[in-house]
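Just so we're on the same page: letters track the sequence lines, and every chain starts at 1. Given the structure is predicted, the values throughout are model-derived calculations rather than measurements.
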There are 2 protein chains.
Amino acid sequence: MSTLHDVALAAGVSDSTVSRALRGMDTVRPKTRQRVAEAAKQLGFTLTRSASSLASGKTMRVVILFDGPVNAWFNANCLQGALEVLAPEGYDLVPVIAMTRPELEDFFAKLPGSGNNMDGLILPSFLLEDSYSQALTSLHIPAVALDTSSTTQLPASIVLDNKGAMYDAVRFLHGLGHRRIGYVEHPSPAPFESSSHLRERYFLEAAKRMGYTDGDVTVFPKQSLVERMPIDEATAEITGRIVSAPNRPTAICVEIDEAAFDIMQRLRVLGIRVPQDMSVVGFDDHEAAALADLTTIHQDPQLMARAAAQKLLTMMRGGTLDEPSTTFRTTLIPRGSTAPPPQDRP
Amino acid sequence: MSTLHDVALAAGVSDSTVSRALRGMDTVRPKTRQRVAEAAKQLGFTLTRSASSLASGKTMRVVILFDGPVNAWFNANCLQGALEVLAPEGYDLVPVIAMTRPELEDFFAKLPGSGNNMDGLILPSFLLEDSYSQALTSLHIPAVALDTSSTTQLPASIVLDNKGAMYDAVRFLHGLGHRRIGYVEHPSPAPFESSSHLRERYFLEAAKRMGYTDGDVTVFPKQSLVERMPIDEATAEITGRIVSAPNRPTAICVEIDEAAFDIMQRLRVLGIRVPQDMSVVGFDDHEAAALADLTTIHQDPQLMARAAAQKLLTMMRGGTLDEPSTTFRTTLIPRGSTAPPPQDRP
DNA sequence: TTGTAGGCGTTATCAT
DNA sequence: ATGATAACGCCTACAA
């Protein structure tokens with residue numbers, strides 16, 4: 001209700017002094033500062049964000065762009081991590097979701113003018129098209145990629161060692177004696193590339209490296225994507241394909257835990273025992289993975305997001321990153337959903 | 001980079017016309033509107049939020065205040081639900097976390113001036129102190145409570161039928177034959193009252209109503225709160241108390257699923273079989289509940305948050321709610337974590 | 001249907 | 001250490 005000017009009158013100083021005092025600038029005499037503080041508290045005064053923003057040019061707003069719901073495990077953890085570092089610095093962290101290609105295009109189409117509307121951008125998950133990442137840098141919008149890939153690198157990024165992770169997984173299954181293995185894509189509704197799709201590539205690469213032939217390795221769904229299908233229908237469909245695959249694998253890697261949980265349950269319903277008949281490896285180490293006794297690959301998106309936010313912070317403040325890109329490694333957590341293949345056991 | 005004025009020049013019209021055209025107001029000739037749209041796109045122009053905000057008085061910013069991390073199941077779902085209705089209307093949804101009492105106090109202390117900084121407020125989980133809810137209404141800040149309780153009701157609220165839920169739970173356990181039952185509080189780190197604590201009260205009330213005596217019903221932790229303790233230590237501690245309780249219950253209700261998962265695992269480790277030795281009922285119907293085969297009480301915070309956001313929307317637009325308070329009911333989902341008590345079985 | 005003019009509440013620059 | 005004075009970019013009467 002009351003403005004900075006009212007505070008100035010009450011404290012018997014000028015507007016500028018109030019502004020300086022309230023923002024903790026150093027050229028204010030302690031006594032004056034205190035008088036101002038009292039007047040402000042007295043009046044219940046708070047700076048108006050939009051006015052400060054307009055005058056200063058800083059919006060104190062960073063957007064985090066997701067390719068799916070914020071209640072998905074990975075996204076919620078990113079949000080929390082970034083919030084933990086940004087909020088104490090006074091930034092708003094605004095989640096924005098672009099689930100469809102038009103939405104994504106729209107977001108980037110509006111980018112040119114958006115410099116006035118955000119101080120920074122965090123991009124988790126997206127496999128960014130080059131034109132987009134270029135636009136970002138040429139518009140001088142501080143942005144950091146969070147487990148995001150693109151040919152044209154952004155100036156800052158947090159990357160997950162997906163390659164190492166998949167090599168670990170394949171090596172692990174190979175060590176258990178599995179000779180027919182499969183990779184299961186997450187039936188994501190997002191119609192554009194997500195960086196987790198990269199894992200498929202590395203899985204195949206690792207398999208080949210370990211001596212698996214094409215016939216030994218299957219990807220589900222193979223080609224005909226299960227698109228635009230409710231997610232559990234898609235999962236059911238995929239589980240069906242796995243079970244009825246001509247050369248059914250004895251072990252599968254699933255792109256994310258949340259999908260693995262579902263698939264495990266469906267396998268059991270179909271009479272396929274895990275791990276006796278089929279080994280399952282997940283990805284994420286979701287809180288429920290221990291509960292489900294799921295062997296999985298641990299990652300910590302909350303931590304990665306903190307790192308991303310930290311980098312963004314220094315960029316927004318005009319600093320230089322001493323390490324533009326930081327890589328996080330994964331850890332394979334062996335649990336009860338994996339075992340040697342059927343024929344190997346007594 | 002370019003301003004509304006630049007667009008006006010390019011389109012050969014006045015600033016106000018551009019403003020009107022861009023915001024879709026009706027008093028603009030289609031042809032003019034199009035010319036403006038083209039000029040805007042051409043220049044990559046986007047309205048500057050802070051300027052619009054300052055001039056119009058609307059911030060297009062609604063904050064959602066949480067008492068814990070946004071990656072908690074309930075919170076993440078609230079966020080997603082509210083986002084789904086607010087984002088399409090152009091609102092930023094800004095998550096703010098107040099985990100400690102000072103943080104909460106600080107938030108409300110700054111409220112008087114905050115009217116200029118937010119158009120609305122969503123309050124999940126808090127057991128609001130009256131002074132706070134009164135401040136909100138007297139400051140005319142549109143706010144809606146989401147499963148939040150306070151003596152002084154806010155003008156709008158979404159309430160969960162916690163009472164009905166707990167009566168269902170007690171009735172269910174009673175029907176299975178349990179004569180000694182327990183209620184397990186969530187070892188929340190938040191030092192202030194959360195509305196889920198209400199459930200404890202209703203549980204006790206229901207138990208009494210069904211004929212349980214004080215000796216038959218135990219609350220964990222009983223009195224000495226497990227405060228300021230890392231959450232899993234607290235859970236371990238609580239599990240220990242349950243197991244070693246003098247008159248150990250044969251069935252427990254746990255305040256939220258996430259805690260129930262943990263407790264179930266610990267019980268098993270301690271050799272207590274679920275449900276043979278101990279029945280467990282959760283609350284939430286978290287995605288992992290099916291996986292854990294946990295009998296639980298279903299609620300849908302995402303849906304509730306949508307409703308909350310909808311109410312907020314009409315309030316922010318000056319409308320009147322035809323139903324200030326909406327109550328959502330719960331459903332008990334029987335699964336494998338509950339069974340008759342030990343002595344009842346052959 | 002469109003244009004004109006004033007003001008929204010701060011910050012920044014330049015004095016003092 | 002503090003004051004005066006322009007911006008900042010848009011919206012909203014009001015006028016035409």
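Counting only N and O atoms by type, the side chains of S53(A) and T59(A) include no donor and acceptor under 3.5 Å apart. Looking only at atom types and distance, the side chain of S114(B) has no donor-acceptor partner in the side chain of T46(A) under 3.5 Å away. One side chain, E323(A) or T326(A), offers a donor N or O that lies under 3.5 Å from an acceptor on the other. S50(B) and S50(A) share no donor-acceptor pair across their side chains, judged by distance under 3.5 Å alone. Side-chain contact annotation: S14(A) with T17(A), donor-acceptor N/O pair under 3.5 Å present.
L321(A) and A156(A) make their closest contact through CD1-CB, 3.5 Å (heavy atoms, listed as atom of the first residue, atom of the second, distance). Counting all heavy atoms, side chain and backbone alike, P155(B) lies closest to A143(B) at CG-O, 4.4 Å.
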Contact list (N/O, under 3.5 angstrom) for nucleotides 1-4 of chain C vs protein:
residue : atom : partner : partner atom : Å
dT2(C)  : OP1  : R29(B)  : NH2          : 3.1
dT2(C)  : OP1  : T32(B)  : OG1          : 2.3
dT2(C)  : OP2  : R29(B)  : N            : 2.9
dG3(C)  : OP2  : S14(B)  : N            : 2.8
dG3(C)  : OP2  : S14(B)  : OG           : 3.0
dG3(C)  : OP2  : T17(B)  : OG1          : 2.7
dG3(C)  : N7   : R20(B)  : NH2          : 2.9
dG3(C)  : O6   : R20(B)  : NH1          : 3.2
dT4(C)  : O4   : S16(B)  : OG           : 2.9

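Taking atom NE2 on H5(B) and atom P on dC11(D), their separation rounds to 15 Å, with Å as the unit. For the pair M25(A) CE and dT10(C) P, the interatomic distance rounds to 16 Å; values are reported in whole Å. Rounded to a whole Å, the CG atom of L22(A) is 16 Å from the P atom of dG9(C). Separating the CG atom of L4(B) from the C1' atom of dT12(D) is a distance of 13 Å, rounded to the nearest angstrom.
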Check step by step if side chain to side chain contact (heavy atoms under 4.5 Å, CB included) holds for Y91(B) and K58(B).
CA-CA 10 Å; Y91(B) 286 92; K58(B) 327 223 94 294; 5.7 Å; no
Assess the residue pair R317(B) and E89(B) against the criterion (salt bridge (Lys or Arg N to Asp or Glu O under 4.0 Å)); give the C-alpha distance rounded to whole Å, side-chain angles, the decisive distance to 0.1 Å, and a yes or no.
CA-CA 11 Å; R317(B) 289 171 173 166; E89(B) 302 298 327; 2.7 Å; yes
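Listed by residue number, there are no residues of residues 108-116 of chain B with a heavy-atom contact under 4.0 Å to DNA chain C. Of the residues in residues 45-61 of chain A, those lying under 4.0 Å from DNA chain D by heavy-atom distance are L54(A), A55(A).
Between R101(A) and E129(A) a salt bridge is recorded (basic side-chain N to carboxylate O distance below 4.0 Å).
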